Protein chains: 2
Amino acid sequence: MVVSELSEQDVNRLFRALADATRRDIVRRTLVTDISVSQLADSYEMSFAAVQKHIAVLEEAHLVTKAARGRERMVRGNLDRIRQAQRLLDHFEELWRSRIDRLDSLLAEDSPATPDT
Amino acid sequence: MVVSELSEQDVNRLFRALADATRRDIVRRTLVTDISVSQLADSYEMSFAAVQKHIAVLEEAHLVTKAARGRERMVRGNLDRIRQAQRLLDHFEELWRSRIDRLDSLLAEDSPATPDT
DNA sequence: CTCTGATACAACCATTTGATTGTACGATAC
DNA sequence: GTATCGTACAATCAAATGGTTGTATCAGAG
């Protein structure tokens, strides 16, 4: 399994790519079925080039990949990146839990497991 | 339980707020311990006002809350929003699974459970 | 070969973002 | 009361974002 830590830049690009409704919609649709760039472009109330740019942003964030098929480029959603995003959020949850743990140990004893603060 | 659907705008703000390393760090730290605005500001290589703005972005995304304590404002991370973000990502995963399901039924029978497409 | 459909990409523009400095104000210390 | 600490907020600015149109390229149809 490729663990490959994401750089801060990568994480920035990942969340930023998700911070747009059109891009989220593209990800959803391409997770279900491969769709060509022009098919996607037809779906939105903006120019072809604008949709192309959104796809480019998603590609840089590795949320989608493109593969040539004839003269078309088929766009495919990449679930792995979604999962990496989930793992990032999981880490926040763990941090929060540590707060609770420390509170618990404070309540449990008078000299808890806080070594050398 | 408060389900309260997030609007597209809310989701945009949520992911955008997470798309910055300084802001992610603030969320992490304030999930573990309440910290004042000035304490946070001391930690980063930027002006007080810049940190204040980052906190404002996080507040608008409801990723942190502020509470007055004397003349300080204590910042506290809000795990619920993190969890809402996770749920949003879960939904992507479910969509992806539907693709697999459809593939499976295609492989299983010749006239599968695709009713009236 | 020529026409056309699908894509790529450059140039441009308005708006937003991320940072700065400076000013004002409320709460606490003295 | 006065000084000062912590915060808020306005004005400003460079860079990034999100959109546009126009031009070029590339693969397949006729």
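It should be emphasised that the depicted structure is a prediction, and the values quoted were computed from it without experimental measurement. The basis for the numbers below is simple: all heavy atoms, side chains too, and nothing from hydrogens, waters or symmetry mates.
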Item to check | Any donor-acceptor N/O pair under 3.5 Å between C/dA8 base and A/Gln52 side chain | outcome: yes
[atom2] on [Y] to [atom1] on [X], rounded to 0.5 Å:
| X | Y | atom1 | atom2 | value |
| --- | --- | --- | --- | --- |
| A/Trp96 | B/Leu31 | CH2 | CG | 9.0 Å |
| A/Glu60 | A/Asp10 | CD | CG | 11.0 Å |
| B/Lys53 | B/Ile55 | NZ | CD1 | 13.0 Å |

Checklist entry - A/Thr22 or B/Gln39: which one's nearest nucleotide on DNA chain D is closer to the 5' end? => result B/Gln39
Next on the checklist: Quick check on DNA chain D: between A/Ala19 and A/Ala49, whose nearest nucleotide comes earlier from the 5' end?
Outcome noted: A/Ala19
Rounded to whole Å, how long is the line connecting atom [atom1] of [X] with atom [atom2] of [N]?
| X | N | atom1 | atom2 | value |
| --- | --- | --- | --- | --- |
| A/Glu59 | C/dA8 | CD | P | 8 Å |
| A/Ile55 | C/dA8 | CD1 | C1' | 12 Å |
| B/Glu45 | C/dT20 | CD | P | 10 Å |
| B/Glu72 | C/dA29 | CD | C1' | 14 Å |
| B/Asp42 | D/dT7 | CG | C1' | 13 Å |
| B/Met74 | D/dT7 | CE | C1' | 14 Å |
| A/Phe48 | C/dA10 | CZ | P | 15 Å |
| B/Asp20 | D/dT17 | CG | P | 12 Å |

Checklist entry - For the side chain of B/Lys66, counting heavy atoms from C-beta on, which of D/dA8, D/dG19, C/dA6 is nearest? => result D/dA8
Establish, with yes or no, whether the OP1 or OP2 oxygen of [N] is under 4.0 angstrom from a side-chain nitrogen or oxygen of [X].
| X | N | result |
| --- | --- | --- |
| B/His54 | C/dA19 | yes |
| A/Arg73 | C/dA8 | yes |
| A/Ser38 | C/dT7 | yes |
| B/Arg71 | C/dA29 | no |
| B/Arg16 | D/dG18 | yes |
| B/Lys53 | D/dC9 | no |

Next on the checklist: Assess, by modelled atom type and distance only, whether the side chains of A/Arg69 and A/Ser36 contain a donor and an acceptor separated by less than 3.5 Å.
Outcome noted: no
Checklist entry - Does B/Arg23 reach the main-chain N or O of B/Ala17 with its side chain, forming a donor-acceptor pair under 3.5 Å? => result yes
Checklist entry - Just by modelled atom types, is the A/Leu18 backbone N or O under 3.5 Å from a matching donor or acceptor in the A/Arg24 side chain? => result yes
Checklist entry - Going by an N to O cut-off under 4.0 Å, is there a salt bridge joining A/Asp25 and A/Arg28? => result yes
Please classify the nucleic acid contact of [X] as base, sugar-phosphate, or nothing, using heavy-atom distances under 4.0 Å.
| X | result |
| --- | --- |
| B/Ala41 | nothing |
| B/Ser47 | base |
| A/Arg69 | nothing |

Checklist entry - By salt bridge (charged side-chain N to carboxylate O under 4.0 Å, His left out), which residues pair with B/Arg71, not counting sequence neighbours? => result none
Checklist outcome for this item: Overall bend of the helix from C/dC1-D/dG30 to C/dC30-D/dG1 (five pairs an end, 10° steps) is 20°
